[in-house]
2 protein chains.
Amino acid sequence: MNLALLCYFPYRAMEARVVAAVEEAGYAFTVAQGRILARVGPDGTRIGDLAEQAGVTKQTATFLVNQLEKAGYVERVPDPADARARLVRLSEAGWAGVAIARKVEAEVEAEWVAHLGESDTAALRRALERLREVTDPYR
Amino acid sequence: MNLALLCYFPYRAMEARVVAAVEEAGYAFTVAQGRILARVGPDGTRIGDLAEQAGVTKQTATFLVNQLEKAGYVERVPDPADARARLVRLSEAGWAGVAIARKVEAEVEAEWVAHLGESDTAALRRALERLREVTDPYR
DNA sequence: CCAATATGGTTCGAGAATCTGACTACTGTC
DNA sequence: GACAGTAGTCAGATTCTCGAACCATATTGG
C-alpha cells in the first residue's frame, strides 16, 4: 500500500465527517466551497490568494466565491490597498459555519489521538510537517 | 494546522507527479480513471468491487470504465462465476500505463524516504496504517 | 418448483467542480 | 503618458459524481 494512498484515507474521512456535521447544523456548503471558506482570513483575503492556497485557479475560486456570496456566507469588499483587487470576508453566518467545521475537526482529531495515543500522534504530525516541506508548493 | 490537511499535501503532490509522468509517457488517463485502473487485479475485477475500493458509486465506476474501455486500457469479460457480473481486465496498454504509474510512485516515495529518513518513514507508515483502521470504511 | 427478494450492472438526467481562453480594469515602470 | 503586468471576471467546455429507474440473473423461503 503506497504512502500517498495511506495519507488519503484520513483526509477523506475528515472531509466527510465535517461536511456531514455542518450540513446537520443547517449550514449548506459543499466540500469545495468549504475549502475556500476555511482559508478566508480575519480581515478578508484576496480571491487570488484563496485560489493559490486552495490549489485551484482564480476562475474556480471566483466561481466558488460567487456561490458562497449568493448563499450569504461571504461578502466582497474593495481592497483599500489596490483598486483592482477585492477582499473576500466572512459574514456572520460564514463565521458560524466555519466555527462548527473547526469544532468537528477537533473532535475527529481527538478520536484519532485516542486511537493512536498522544506520542504517536505527535510523531505523525512531525513527520507530516516535514513531508509538507517537499510536497506543498505553497510554503 | 490540522492533521487531515497535513495528510492532504503528500497525497496531492503524489497524484500530480504521477499524472504528469503518465501523460509525459503518452498514456492519457485522468486521476479518476487512474484510481480505477490501479485497482484492477491480475485476473480482472468486478465493477462493484472497483467502485467500493475507489470509494465511488457503481454508476461512477461504470462511467469511468466506459471511458477506459473506449481508450483501450481495459476490457470487459463475462464473469464465469456469475452471469450477472462482468470482470474488468487490463489490456496491454493498461498494464503499461499502470507500470509507469507504479514506477513514478516508487520514485516519489523514495524522495520522501530520502527527506524523512528510513526509520521515520517506517513510523509514519505504521501510524497511517493504524489511522486507516478508523478512517477507511472499506476494510 | 416458483414467487419474492437481493445483487450486479447499466442508462439517464442532473449538478458540482474544474479548466482554458478571452476580456475589463487598474498598477507600476520607464 | 504608453505599455507590460496583475486582479478579477465571463463564457464555454469537460470531467466527475450522484440519485432514480431499470434489466438480467441469483438466491431463498414456502
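Every chain is numbered from 1, with letters handed out A, B, ... down the list of sequences.
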If the threshold is 4.0 Å, N to carboxylate O, is there a salt bridge linking R35(B) and E15(B)?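 A salt bridge links R35(B) with E15(B).
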
Tell me the interatomic distance from F63(A), atom CZ, to dA11(D), atom C1', rounded to whole angstroms.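 About 13 Å, once rounded to whole Å.
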
Please state whether the phosphate of dC16(D), meaning OP1 or OP2, lies under 4.0 angstrom from any side-chain nitrogen or oxygen of T30(B).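 Looking at the OP1 and OP2 atoms of dC16(D), one of them is under 4.0 Å from a side-chain N or O of T30(B).
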
Interatomic distance where CG belongs to L64(A) and P belongs to dC10(D) [whole Å]: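 Rounded to whole Å, this separation is 14 Å.
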
Strictly below 4.0 Å, N to O, side chains only: are R125(B) and E109(B) in salt-bridge contact?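 Salt bridge present between R125(B) and E109(B).
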
Any Lys/Arg nitrogen of R130(B) or D120(A) sitting under 4.0 Å from an Asp/Glu carboxylate oxygen of the other?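 Looking at R130(B) and D120(A), the cut-off is met.
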
Residue met sooner reading DNA chain C from 5', once K58(A) and R46(B) are mapped to nucleotides: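 Residue closer to the 5' terminus by nearest nucleotide: R46(B).
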
Are H115(A) and E111(A) close enough, and set up right, to give a side-chain contact (heavy atoms from CB on, under 4.5 Å), and what steps lead you there? CA-CA 6 Å; H115(A) 186 72; E111(A) 288 174 25; over 6 Å; no

Is there a path of hydrophobic side-chain contacts, each under 4.5 Å between heavy atoms, that joins Y8(B) and V19(B)?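 Hydrophobic grouping puts Y8(B) apart from V19(B).
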
With a 4.0 Å limit, can you tell me whether R86(B) has a side-chain N or O closer than that to the phosphate oxygens OP1/OP2 of dT10(C)?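 Answer is yes, contact under 4.0 Å.
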
Would you kindly give the NZ-to-P distance between K70(A) and dA16(C), to the nearest whole Å?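 So the NZ-P distance, K70(A) to dA16(C), works out to 11 Å.
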
Distance in angstrom units between I36(A) CD1 and dA16(C) P, rounded: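 Taking CD1 of I36(A) and P of dA16(C), I get 16 Å after rounding.
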
For nucleotides 20-30 of chain C, just jot down a letter per nucleotide in 5' to 3' order: B, S or -, based on protein non-hydrogen atoms under 4.0 Å. BB---BBS---

Ignoring the backbone of R76(A), work out which of dC18(D), dT9(D), dA7(D) is nearest its side chain.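 Nearest listed nucleotide: dT9(D).
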
Expressed as a whole number of angstroms, how long is the span from N66(B):CG to dC18(D):C1'?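 The answer, rounded to whole Å, is 16 Å.
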
Are Y11(A) and Y11(B) an aromatic pair, judged by ring center distance below 6.0 Å?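 Y11(B) vs Y11(A): aromatic centres not under 6.0 Å.
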
If I take atom CG from residue D43(B) and atom CG from residue D79(B), how far apart are they, to the nearest 0.5 angstrom?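 CG of D79(B) is found 11.0 Å from CG of D43(B).
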
Tell me the interatomic distance from D79(B), atom CG, to dT10(C), atom P, rounded to whole angstroms.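 So the two atoms are 12 Å apart, to the nearest Å.
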
With respect to the phosphate group of dC16(D), does any side-chain polar atom (N or O) of Q33(B) fall under 4.0 Å of OP1 or OP2?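 Q33(B) to dC16(D) OP1/OP2: side-chain N or O found under 4.0 Å.
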
Using whole Å, report how far CD of E69(B) lies from P of dT11(C).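 Going from E69(B) (CD) to dT11(C) (P), I get 10 Å.
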
Separation of dT18(C) P from E52(A) CD (nearest whole Å):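 Checked: the CD to P distance equals 16 Å.
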
From the options dT9(D), dT18(C), dC16(D), select the nucleotide whose nearest atom is closest to the side chain of I47(A).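 Taking heavy atoms from C-beta onward, the closest nucleotide is dT9(D).
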
Taking only side-chain N and O atoms of T62(B), does any of them lie within less than 4.0 angstrom of OP1 or OP2 on dT10(C)?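 For dT10(C), OP1 or OP2 has a side-chain N or O of T62(B) closer than 4.0 Å.
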
